[in-house]
Structure formats: structure tokens, C-alpha cells
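Quick notes on the structure that follows.
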Amino acid sequence: MSDRVEKGPITRKRRSSISGAASANATLKQANGKSAVGKNNKVSNVNVKQNYHSSSKENVQESPNINVTAAKDRGKNENRYFGKLSCHKLQESLLSSASGYSNYRGILNWCVVMLVLSNARLFLENLLNYGILVDPIQVISLFWEDPYSWPAACLVIVSNVFIVAALYTERRLSVGTFSEQFGMTVYCVSLMTILCFPVFTILMLDSVTPVGGAFALGVYSVLFLKLYSYRDVNKWCREIQHAKARTLSRSISCPSVQRSTRGERQGQVSYPGNLTYRNLYYFVFAPTLCYELNFPRSPRIRMGFLLRRLFEMVFFIQLLVGLIQQWMVPSIQSSMKPFQDMDFSRMIERLLKLAVPNHLIWLIFFYWFFHSSMNFVAELMQFGDREFYRDWWNSETVTYFWQNWNIPVHKWCLRHFYKPMLKRGVSKRMGQTAVFLGSAFFHEYLVSIPLKMFRLWAFMGMMAQLPLAWFVSRFLRGNYGNAAVWISLIIGQPIAVLMYVHDYYVLHFDETGAA
Ligand SMILES: CC(C)(COP(=O)(O)OP(=O)(O)OC[C@H]1O[C@@H](n2cnc3c(N)ncnc32)[C@H](O)[C@@H]1OP(=O)(O)O)[C@@H](O)C(=O)NCCC(=O)NCCS
């Protein structure tokens, strides 16, 4: 009720003040000419405030030959009275959503302080319970079981065969020695081998550790996506060349002429001038999955930036390993029994306990990989496009998250899989399902093969994104949608981790125990 009483008069006063100010302005213009008006915009503004007082209105109207200085003085005086008499204005409480949540810096700091304090407590508790578990030697053994046998590293070196084969095929295709059909067959065989060869090697060789295997498979998966893109782009170049050849005269469509027109721009190459080892290996090492004949390049290597990224890379990888050894492993180990006993309340408690370190590790991994490492490589190679991630943390829908968290993969999916499918008349829904199916396959591939255990948890986790995306976009909006995305990240991942670890534990250690 008091609100209404206050608001009413204020609105009325304001309305009268605006007309008051207008008349004052008019008067000033008459008396002092144009310059006075310009100079005294402030005065008229002051008068807007003054006119909350009815007396000020009268004053302005009463004195046509008003002196500017006097008006200023009076303005000051009356402003002081206005400040005394009126102390309310129309405004929302800061904690209500209508305030726009703009003044929250302190609360953000409070969140950080709370996070640090609660994690410090957890860290102390962990130290008191388990002692120091961080062991750098153990990390090395995760990669190499036998110091004289380096199967994962050998696999990576062998992958060069596929790069050379791709370049050879492209060169043949460019001069017409290989037909498009034959080139396609060669690529199919090569790409299938890229996927299958490391799998057989890892499954056959006992000396490949799970971490070494995951690393080698990661390299092969990236190579698969890169060479797929390399083939697509070169094929598009040939198609453009053929289209030009059909429409233009023979002399214009001649490749040497094209080279001279486009290729003359500084340092730029045009097809088939791009079919060199240098160009292909630049793409292989560049932090992107999508091939381009001429990538945007940064003008120079900034040493300060490079060293900062290098420091972050070294620091965060140590932190990651330390947190996994000290925090994740004991949490997972203590979760095994409730999972085996199917004690649901304990399972949930353990899951939530694991969610905190798992999430923290995931966030650090994101920064380490997508910011520090990718920027380090990009700076070293003067690779100009640094958009490796976008603001996925603001995701209000699951779709937005997948569009923004891993830009290299998303870009590849759009350019080489999703859009070509849409162009062939596949519906959006089918296209998205196909992309997520492919992505689910790779997630499962990267987990199941190194663990030598096929459980499909990663596959199902990825496929579950489709119904989740539908549910969030249908029923949740704004901050609720954002919270839902965070919850799915915080809770979803440890579920998958626990599933795999549990199955791995049962498969390997239970049998050993029984034996
Ligand atoms: C499936 C996926 C590719 C869909 O992406 P999306 O951005 O939601 O797709 P949209 O339907 O909005 O369309 C995107 C593009 O296709 C274009 N497009 C839409 N319909 C089209 C049509 N009929 N023909 C041609 N292009 C079309 C749009 O114009 C848009 O182009 P733009 O990017 O240049 O603006 C994306 O969700 C994705 O990348 N998912 C997998 C992510 C993943 O697995 N990541 C792994 C991380 S570890």
C-alpha cells in the first residue's frame, strides 16, 4: 500500500517537471540566444530535478531574463533540498529476477571462497584418511609396462604410412591417373584400416597399457577425421575445377592459368599446388580437424604467450595427475563395495562424492586441452583461428552445449557429415541422430578398446544426449536449462566412470582374487 502512495505522487511530479523544463528551455532560448541554450543544457537538466519542487517551476517561469550563474546556484541549492525531501525511487530489489542480476561480483567471489574452503576441507580429510598417494613413477608405468617395448609410440609412428598414402592418392587423382571411383575405393580401404589396425594391435599385444592404447587410438581417430576432411576438400577443388572447365574456354580453365590468378596472392596456394608434404603435415599437426588449402595465419610467434601456455600445460597436467591419484582413485575404490552389494543409498552417496573431484578434473582438463595445449600448438605453428571453444558454460540447452564446447569436432561434424546429409535430403532430426551415433561410436571406441572390455556405457551416454536435449528444450528455460546442463555434466560423467571402473574391477581384480 505504501508503495502505491509513494509511486503516485512521484509520477505526477515527474510529468509536471518535464513540462516545466521544456518551458524553461524555451524561455532561455528567447532570452540568451542559441548559445545559451546549448551551454545551459545542464541548467535545464538541473531544472528537471528542481521541478520535483513546485517552487522551482514557478521560479523559472517568473524570470524570463534569468542569469545563467544564478540559475546554476539556485539549481544547486534546490538540488540539496530535493535530496533532503525525496529519497525513494522506482526500483527492484537486487535479489529479484527483475533486477537483471547485474550486481553480483561479490557473490561470485563468495562462491569461489566457499568452493576453495569446502575443497580444502575435503583435501585435508583425504590426506588424513589416505596419506600422500601422488606417485609420478606410477604415471610412467601407465604408459610403459616394459621399458624395452613401446607399442603405443610405434603405432603412432606407423600412422605416417596413411598420411603418405593419402598424399599419393590425391596426386594421382589430380593428374587423372586415378579415377574418382578408384580414389574413393583407396580412401575407403585406407580409412577403414586407420580405424581397425590399431584395434587389432592393441587387442593382440598384452604390452599395450590402457593409457597407451587410449593415446594411440586418439591419434588414429584424429587422423581419420583429418584425412576424411583432406579428401573432401581436394574433391571439392576438383569439382570446382571441372565446373570451370565446362563453362570457360580451354585456355582459362587450364590449371596453370588458375594458379597464376589465385595463387599469386602472397604465400597462398591453389589446387593442385597444395598437394605437398609441407602443406599436408602442417594440417596434420595444426589444431583443427577441417582441412583448408590456406589456413589463416598469425603474423608472428608471441614468446610471452607461448611460454605462458607452456607453463600452464606443464602445471595443469601435474595437477590433473595428482588429483586423479589423490582424490579420484580412493573415491572410486571406496565406491566398489556399495556397487557390488547393490546398496542404492550408499551408491548414490558415493556417486555424489565422486562427482566433485570428477567434475573438477574435467574442468581442468578442458582448460588444459582446449585452451593451454591447443593455443600452444597454434601459436607455435602461427595458426590463426583460435576458436577452440565458445561459451558452453552459458548453455541453456543441451544442443547449445554440443555446438560450443568442442569446436574442432563440431566444425568437422557440420562440414563433413551433417550438412552433406542435409543436402542429400535427410531430415534434421535424422542428421543429428546420425552425428550423435558417429560420436557415440568414437567415444565407445576410445574407451572400450584400451580397456579391452565392451560395455557400451559411453555409447549410451552419448546417445542419451538426444532425449536429454529434447527434454531440456521442451520443459526447461533460462537458468533452469543452464542448471540442467550443469547437472547432466556433473552427475552424468561420474556415472559412466563408475560403470566402467566397476566392470573393469570385477573383470580383472575379482578374477585374480578368486584365482
Ligand atoms: C549434430 C550437430 C552437428 C548439429 O549442429 P547444429 O548447429 O545444432 O545444427 P543446425 O541444424 O542448427 O544447423 C547448423 C548449420 O547447418 C545449416 N543448415 C541447416 N539446414 C540446412 C540444409 N537443409 N542444407 C544445408 N545447410 C543447412 C545451418 O544453416 C547451419 O549453418 P551455419 O553453421 O553455417 O550457421 C551438433 O549438435 C554436433 O556437432 N553434435 C555432435 C557434437 C559432438 O559429438 N561432439 C563431440 C565432443 S567430444
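Numbering of residues begins at 1 and proceeds along the displayed sequence. Because the structure is predicted, anything quoted here is derived from the model rather than measured. Whatever order the structure lists ligands and atoms in, that order sets their numbers, starting from 1.
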Counting neighbours of OH on Tyr367 that are heavy atoms of other residues, nucleotides or ligands and sit closer than 6.0 Å, is the number greater than 12? yes

With a 6.0 Å cut-off (strictly less than), is the heavy-atom count around CZ of Arg346, excluding the residue itself, greater than 12? no

Can you tell me if [X] uses its side chain to pair, donor with acceptor, with the backbone of [Y] under 3.5 Å?
X: Tyr500; Y: Ala458; result: yes
X: Gln465; Y: Gly461; result: yes
X: Lys226; Y: Ala286; result: yes
X: Glu379; Y: Leu306; result: no

Closest approach of any protein heavy atom to [atom], naming residue and atom:
atom: atom 41 (C) of ligand 1; result: Val435 CG1, 3.7 Å
atom: atom 44 (O) of ligand 1; result: Ser439 OG, 2.6 Å
atom: atom 42 (C) of ligand 1; result: Trp402 CE3, 4.0 Å

Any atoms of ligand 1 less than 4.0 Å from a non-hydrogen atom of [X]? List them with their elements.
X: Leu422; value: 18 (N), 19 (C), 20 (N), 21 (C), 22 (C), 23 (N), 24 (N), 27 (C)
X: Lys428; value: 11 (O), 19 (C), 20 (N)
X: Leu414; value: 3 (C), 5 (O), 14 (C), 15 (C), 33 (O)
X: His443; value: 48 (S)
X: Thr399; value: 8 (O)
X: Asn406; value: 47 (C), 48 (S)
X: Val409; value: 45 (N), 46 (C)
X: Tyr418; value: 9 (O), 10 (P), 11 (O), 13 (O)

Does the residue Trp405 have a heavy-atom contact with ligand 1, meaning some pair of atoms that are separated by less than 4.0 Å? yes

As a check for students: among Gln403, Lys419, Met462, identify the option with a heavy atom nearest to atom 30 (C) of ligand 1. Lys419

Selection from Gln432, Gln465, His410 by shortest heavy-atom distance to atom 5 (O) of ligand 1: His410

Within a distance of under 4.0 Å, is there any protein heavy atom near atom 33 (O) of ligand 1? yes

Just to confirm, does any protein heavy atom lie below 4.0 Å from atom 28 (C) of ligand 1? no

Under 4.0 Å between a side-chain nitrogen and a carboxylate oxygen: does that hold for Lys235 and Glu239? yes

Charged N to carboxylate O under 4.0 angstrom, Arg415 versus Glu292? no

Please name the residue in the list Ser334, Ser345, Ser331 that meets the side chain to side chain donor-acceptor pair (under 3.5 Å) test with Arg350. Ser334

I want to know whether Phe123 and Trp327 have ring centres closer than 6.0 Å. no

